[in-house]
Structure formats: C-alpha cells, structure tokens
Amino acid sequence: MAICFPIHMSFRIKVGLRFFKFLNEKCPKKIHIRLAAHRVNTSVAVNQRYPKIYTPGEVITSQNEFMRGHGTYEENGDLKSSVAGVREQVNNLISVRPLKSRYNGEVGDVVVGRITEVQQRRWKVDTNSRLDSVLLLSSVNLPGGELRRRSAEDEHMMRQFLQEGDLISAEVQSVFSDGSLSLHTRSLRYGKLGQGVLVKVFPSLIRRSKTHFHNLPVGASIILGNNGFIWICPTINNAEESVGGFIQNLEEVIPRQERETISRIRNCILALAQSKMMLFDTSVLYAYLRNPLSTPYLNCWYQRRWWTSRY
Amino acid sequence: MTLCEAEKTFVLHGVEENFRIDGREREDYRPMELETDIVSHAFGSARLRLANTDVLVAVKIEVDTPFPERPFEGKLEFFVDCSANATPDFEGRGGEDVAIEISNTLSAAYHSPKVFDLRKLCILKGRKCWKIFVDILLLECGGNLFDAVSLAVKAALWNTQVPLIRQIDIDGNNVELKVSELSDCQRLDVKTAPVMVTVCKIGEHCIVDPNVAEEQCSVGSIVVSVSENKFSTVLQTGTGSLHSSTLLDCLKLGYKVAQRLDDALWSTLSKIQPTEDVGFLK
C-alpha cells in the first residue's frame, strides 16, 4: 500500500533544500533569538501542491454513498473528519490519516521502546502507544542459550537484564484487544541498546520497509522504529552483537568523528521530520549528503514535542 | 523521562569532547523565537520558545496602596503557573515546587533597586502606587526553564505600557485618579532587568542551555542572574555540591554568557515592528 502522506513518495530532495539554507548561518558563539514574524515555513511541496489537510469537524463529503473509515464520523448526513490529517480513499471507504497520533501497532513492526516498569515476569515498555506495551520474560533471549526454561532465578534477575529507563529494540508479537502491544526480542537483532541518541518523530513519517535496521555507509547505524522512535548509534559490528542482547559497553568512548556523524544524522532526521518528509534510509542519507557543511552545526533543528500527556 | 546508563555515558563523553548530542559546543545556545504583544487584553506580554521550552508571560497593572514601610515604592509580583500540558508531572499540584522556585528566584533577582527601580511606580506617597503582576505560564518544558523565563519576563516588561496619570483628586481619605487612554502610555525601563543563565555541571565541565537529557545527566546546576554587569542572584539547584574553584568557573561562564544573551535579546527587541502578529495558530 502506498502511503501518500503528506508528501508524495517521489522523493525529490532538491525541492526540499529550502530548509537547508538555515544551516549556512554558521555562527557558533552568537545567540540567535528570532522574531516569530521571521519564522520560515519549512514545509516542502512537490510541484507546489500540498495535500488538503482536514481539521476535526470539517465536512469531507455530504454524499452518503461513502463508508466511514478511521478518523471520520457522520453527523446530519455529512461525513466529517474527527482528526487533523489527510484523506485516504479506497473505493467507497473514506478514512482520514492523522498527521500526529500515537502509535497504533501492527504485528511484525520493529519498535524502539523504553522500559518503564519491571513487573512479575514482564516488563512494561513505553512505545509511544496509548497504552504501555509488555515484554514478557518468556519472549526475550536470555543470556547463555536460547532454549531453556525460565527459572525462578531468572525472575529475580530481571532487573539485571533490563531496568527502568533502558532502551530496547523489539518486534511486535501480538496486539491485545485493547490495542496494547506484546513485544518480543527473540532474535539477535533485537535487545538492549547501547550508546547512541534517541530521536522522536511522528510515527506516520516512518515508511514501512523490509528492514528498519540500516548500517549507513557514512559510518553510523540507525533503527527506524515504526513507532516513531529512531535510534542512532555508531556502526554495529554484527559479530560482536551475537553475544546476547544485554550487554552495554559503558567504558567505550565514541570518537569525535562518529559523534559528529551521529549528530548530523540526528539533525537531518529532525529537519526532515519538521518538513514532514517521509523517513527511510535513502531520505536520511540524501539529507545527510546534501548537507553542505562539514561541521554539523544544525542545532536549529530540535525535536518537536507534539504529544501532551497520555490520552 | 529517564535515560539509561549508556545514553548518559554518551552525553557525558560528548560534553567532555566539547561536542554535544545536537552538535553544539559547551557554550552554545539553542535558537530561540520571541514574540511580544501576544495577549491582547494584557498591558504587556511575550512568548519565548527555546527549542522545546515554551513560556508565555503576561503583565497586568493595578492601582494599589504601597507598603507602609516603603511609601515611595510600587509593587512587583511574580506568579508562575505550570500547565499540565507541559509535562504529565505538572498534573494536580505537581508543578508547585517548580513554580515557587522560579517565582522566588525572580523576586530575588528583581529585588534590588539597581536592577528594577520600584520608585518609578509610585503615584502618591504612601497612598497610591502601581502594582505589576507578572504571570508566567509554562507551556512546554524542554530544559533550561530559568533562562527562558527570565528572557520572556524581560521582554514582557519591555512591552508593558503603563498608563499616565492625568489628574489626582484628593478628598479627605479618598484619592481619585484619572488615567490616560491605552494609546498614550509610557514604557517601563527594563534596561537593567536581570537575565538568568543556568550553568549545568556535567562530569568535569560546565555547559549552558542544557536540554532535558543533559539536565538528567547533571548532578547540579547554578543559576546566575546578571543585570548589566552585576550579579543579582545566584541559586544552586540539584543535590550535588561544588568545589569553590568550580563555583568560580560557573559564575564566570554564567556572567559571560548572560552578557551575550542580553545583547541578543536587545537586538531582537529593537527589530520588533508594531504590526506583525503571528500568535499561536501559525
């Protein structure tokens, strides 16, 4: 299924370079206070066409041959939008895809999450969904052999494996009836994350693809979680990782070169997200390579925190 | 949000390297956005956005009686409101501690007559004075609240229009004032109003303008408020203690950065055109 949201998929970064003009304002010591009137509109349109964005309560159509899908409701015979987003139509079914929403998980999605709680035989994980996801003790690969029974000792050791605040990459195993997710890390790719940076974007900006783990040729790895959490870290050595998913090397000092690459990728992702460009390996790499600066002075780009409290 | 050990290590090493996670150096600020006169029914207002920190300040003015011990002075009062939209921690009474800390620090910073002269707010000795209420609303917290609040307060006070007194009628104990229209007002003098800088100690080094992740990695920080070339308040937050030489370094760094911050604010304020409304919805 093609996701035409909100910019057309034919990705033309050339059009979108307006926002990189900012980066040339390289002035490390001066403090910038911009007036709101001088704000630059960073949204990028392909061929000057923006998709129409519906606001909650706006009439989508008054003809009643259409069926109402997600994000719509009927009132006085009109089909109205219940969220702010772009319209999607499949035959007679009209739905509105919200611009900003929490993550609605699907089985098989790759997610990046943060442990919020350690409970009986399970961890609670914040994955940017409406409800915290669960990671069962039985769905992780324990150190020292994959196929072994979970003993009472393992239950007592749970906090040694993963504790509150730890970041993990995982896959969605199943979706419960209330929409909360059950995760698993039963693969060597998944597990606890080491040193690096977490960036949060809208989940709708992550393009679904075959793999969400990318070793970028510029010298960094990214995990584009379907839930909008993106993990950027120094290039992962696959041989090293097969030890098991619970080892963090806190002694290692990441060299300046890699640090610069990571910061640049972070800022590129935020720049793309601010312009509502879809995120996948090519778009991130293009943005990175188009950045004309050798130094990553990109701190105009910051994370937009768009959710409020839980709803 | 709690960070894991590995993330903290990454931040810590970045600060040591003088290359922070967003590519800034230790003394760099994130870019800010300022708008004044954003609340139409206030005497003065400003909104400052520092990356993810968003602060709205509105100033209102009332006629009041001066304190008996200070008959020649007006009054200045700060009130901080933490919106639960900012972080879920502010729900209920959660933001009270932060609010009180900020408003107390502001009162202390504006206390000295060399910083903000309250005598100019006196209307009639011992009888009438202006009372200025500065209401601060925290809309979002993205780290570095003190700096953002102090800048927004300064900008809002700069924007404030104090009505002129046209006529005073005294009839026994009754005092009647006739004030000018809103179109004919005078501005407050805020040239010496303080600017606060949070100097955060991470590892062995001090940084300014910490974001949320960096605030979590730090053991403590020093908030200095600088008015022109003088310190008006110094506040220590957090649990850690500081060596005297570190404290001195923090103060020096804070002073230096506060000068730059003040210059930046003035140059921005001077660029303001009267008819450039943006508001919240754009």
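Worth knowing before you read on, the calculation uses all heavy atoms, side chains too, and leaves out hydrogens, waters and symmetry mates. First the proteins, then the strands, lettered A, B, ... as listed; each starts at 1.
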Nearest 0.5 angstrom please: [X] [atom1] to [Y] [atom2], how far?
X	Y	atom1	atom2	result
R34(A)	M32(B)	CZ	CE	11.5 Å
Q195(A)	L12(B)	CD	CG	9.5 Å
S263(A)	R24(B)	OG	CZ	10.5 Å
F19(B)	I262(A)	CZ	CD1	9.5 Å

(request) Answer yes or no: does atom CD of Q119(A) have more than 12 heavy-atom neighbours from other residues, nucleotides or ligands under 6.0 Å? (result) yes
(request) Might you point out which heavy atoms bring C4(B) and G165(A) nearest each other, and give the distance in Å? (result) CB-O, 3.2 Å
(request) Indicate the atoms forming the closest heavy-atom contact of F10(B) with G196(A), along with that distance. (result) CD2-O, 3.6 Å
(message) Within the structure provided, determine whether R114(A) and L3(B) are in side-chain contact (heavy-atom separation under 4.5 Å).
(response) yes
(request) Flag the pair L35(A) / Q273(B) as yes when at least one side-chain heavy-atom distance between them is below 4.5 Å, and no otherwise. (result) no
(request) Side chain from CB out, backbone as N, CA, C, O: work out which of these in L167(A) comes under 4.5 Å of a heavy atom of chain B, or both, or neither. (result) both
(message) Counting heavy-atom pairs under 4.5 Å with chain A, which one of S83(B), A264(B), S267(B) comes out on top?
(response) A264(B)
(request) Considering only heavy atoms and a distance below 4.5 Å, find which of R47(B), H13(B), E17(B) pairs most often with chain A. (result) H13(B)
(message) When you measure from the side chain of D22(B) to the backbone of N267(A), do you find a donor-acceptor pair of N or O atoms at a distance under 3.5 Å?
(response) no
(message) For I31(A), is there any backbone N or O sitting under 3.5 Å from a side-chain donor or acceptor partner on R260(B)?
(response) no
(message) Can you tell me which portion of L269(B) sits under 4.5 Å from chain A's heavy atoms? Options are side chain, backbone, both or neither.
(response) neither
(request) Check whether L265(B) gets within reach of chain A through its side chain, its backbone, both or neither, counting any heavy atom under 4.5 Å. (result) both
(request) Report the option among D166(A), I232(A), T116(A) that has the most heavy-atom pairs separated by less than 4.5 Å from atoms of chain B. (result) D166(A)
